[in-house]
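Predicted, not measured: the structure shown is a model, and the values here were computed from it.
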Amino acid sequence: MKKVVLVTYNPEMMCFGHVLLYALDFQEKGYDVRVVLEGGAVQLVSAFDDPDGPFGSLYEKVKERGLIDCVCRACATKLGSLHDAKKQGLRVAGNLMGHPSLESYIEQGYQVITF
């Protein structure tokens, strides 16, 4: 099985909307796909408290399928979205000085794509 991890740093909603589309597309084509929210993108978690907002239904679909692997602990803490990430049941990771380690994905055979 092909494996890909989509790492998004970009806090722009339009960029994240594309990450969500790509995640679903990869999964539907048989990939093992994960989404990691890092940097400014962690703030987008808070935007999805309103399911009727932009990309709300797409976000819920990705979340329900378990494709969001984690949210960066350090960035979510610094940018004020840690509570929302936990409230939504998202895994918060920080095994690399508070940030998720990308090396662990590579070690597991994932191709890393950044946005």
Side-chain angles (χ1 to χ4, degrees):
M1 175 180 278
K2 295 178 184 177
K3 298 171 146 187
V4 64
V5 59
L6 309 176
V7 183
T8 180
Y9 298 91
N10 192 325
E12 294 178 15
M13 184 62 78
M14 190 62 70
C15 178
F16 189 60
H18 284 85
V19 170
L20 298 173
L21 286 171
Y22 299 146
L24 292 171
D25 184 50
F26 276 122
Q27 185 192 45
E28 289 167 3
K29 292 178 177 166
Y31 285 69
D32 177 356
V33 61
R34 310 281 175 93
V35 175
V36 173
L37 285 87
E38 255 283 17
V42 300
Q43 297 173 77
L44 295 170
V45 170
S46 299
F48 291 107
D49 274 350
D50 176 10
D52 295 326
F55 301 108
S57 61
L58 195 58
Y59 177 76
E60 284 303 314
K61 191 177 205 179
V62 168
K63 200 170 85 168
E64 287 170 5
R65 292 187 184 188
L67 302 182
I68 299 177
D69 194 50
C70 68
V71 174
C72 174
R73 178 180 306 282
C75 294
T77 299
K78 182 74 171 174
L79 297 173
S81 55
L82 182 64
H83 174 76
D84 290 334
K86 288 181 176 181
K87 183 172 79 175
Q88 291 182 30
L90 299 175
R91 185 172 77 88
V92 177
N95 55 337
L96 176 66
M97 298 177 65
H99 303 271
S101 169
L102 296 185
E103 186 277 336
S104 65
Y105 293 101
I106 292 170
E107 183 66 28
Q108 296 173 59
Y110 286 88
Q111 175 184 352
V112 177
I113 301 173
T114 60
F115 296 86

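Shortest non-hydrogen contact noted between Gly40 and Leu79 is CA-CD1, 3.8 Å. Closest approach of Pro100 and Asn95 over heavy atoms only: CA-OD1, 3.5 Å.
Among residues at least two apart or in separate chains, salt bridge (Lys or Arg N to Asp or Glu O under 4.0 Å) pairs with a member in residues 68-77 are Arg34-Asp69, Asp69-Arg91. Within the structure, the ring-ring contact (aromatic ring centres under 6.0 Å, His included) test picks out the following pairs touching residues 53-98 (sequence neighbours left out): Phe48-Tyr59. Applying the salt bridge (Lys or Arg N to Asp or Glu O under 4.0 Å) definition to pairs two or more places apart or across chains, none involves residues 1-23.
Remark: His99 NE2 is packed, more than 12 non-hydrogen atoms of other residues, nucleotides or ligands lying under 6.0 Å away.
Applying the side chain to side chain donor-acceptor pair (under 3.5 Å) criterion to Asn10, with sequence neighbours excluded, gives no partner residue. Partners of Glu64 according to the salt bridge (Lys or Arg N to Asp or Glu O under 4.0 Å) rule, which considers only residues two or more places apart in sequence or in another chain, do not exist here. Partners of Lys87 according to the salt bridge (Lys or Arg N to Asp or Glu O under 4.0 Å) rule, which considers only residues two or more places apart in sequence or in another chain, are Asp49, Asp84.
Note that the CG atom of Leu6 and the NE2 atom of His18 stand 13.0 Å from one another [nearest 0.5 Å]. The NZ atom of Lys61 lies 11.5 Å from the CG atom of Leu20; values are rounded to the nearest 0.5 Å. Atom CG of Leu96 and atom CD of Glu103 lie 9.5 Å apart (nearest 0.5 Å). Rounded to the nearest 0.5 Å, atoms NZ (Lys78) and CD (Gln43) are 12.0 Å apart.
Placement of Phe115 and Met13 within a single hydrophobic cluster is found when ILVMFWY residues are connected by side-chain heavy-atom separations under 4.5 Å, directly or transitively. In the hydrophobic clustering of ILVMFWY residues, with side-chain heavy atoms under 4.5 Å counting as a link, Val33 and Val71 come out together. Residues Val45 and Met14 are members of one and the same hydrophobic cluster, defined by side-chain heavy-atom contacts under 4.5 angstrom among Ile, Leu, Val, Met, Phe, Trp and Tyr. Cluster membership check: Val92 does not share its hydrophobic cluster with Leu90, using side-chain heavy-atom separations under 4.5 Å among Ile, Leu, Val, Met, Phe, Trp and Tyr. Hydrophobic clustering keeps Leu102 apart from Ile113 (ILVMFWY residues linked when any side-chain heavy atoms are closer than 4.5 Å, directly or through intermediates).
Between Tyr22 and Thr8, every side-chain heavy-atom pair lies at or beyond the 4.5 Å cut-off. Between Val112 and Thr114, the closest side-chain pair of non-hydrogen atoms falls below 4.5 Å. Between Val36 and Tyr105 the shortest side-chain heavy-atom distance falls below 4.5 Å. Residues Val19 and Val62 have side chains not in contact (no heavy-atom distance under 4.5 Å, counting atoms from C-beta outward). Side-chain contact check for Ser104 versus Gln108: some heavy-atom pair is nearer than 4.5 Å.
Between the side chain of Gln27 and the backbone N or O of Leu67, no donor-acceptor pair lies under 3.5 Å. Between the side chain of Ser81 and the backbone N or O of Ser46 there is no donor-acceptor pair closer than 3.5 Å.
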Could you check Tyr31 against Asp25 for side-chain hydrogen bond (donor to acceptor under 3.5 Å, both in side chains), going step by step and ending with a plain yes or no? CA-CA 9 Å; Tyr31 285 69; Asp25 184 50; over 6 Å; no
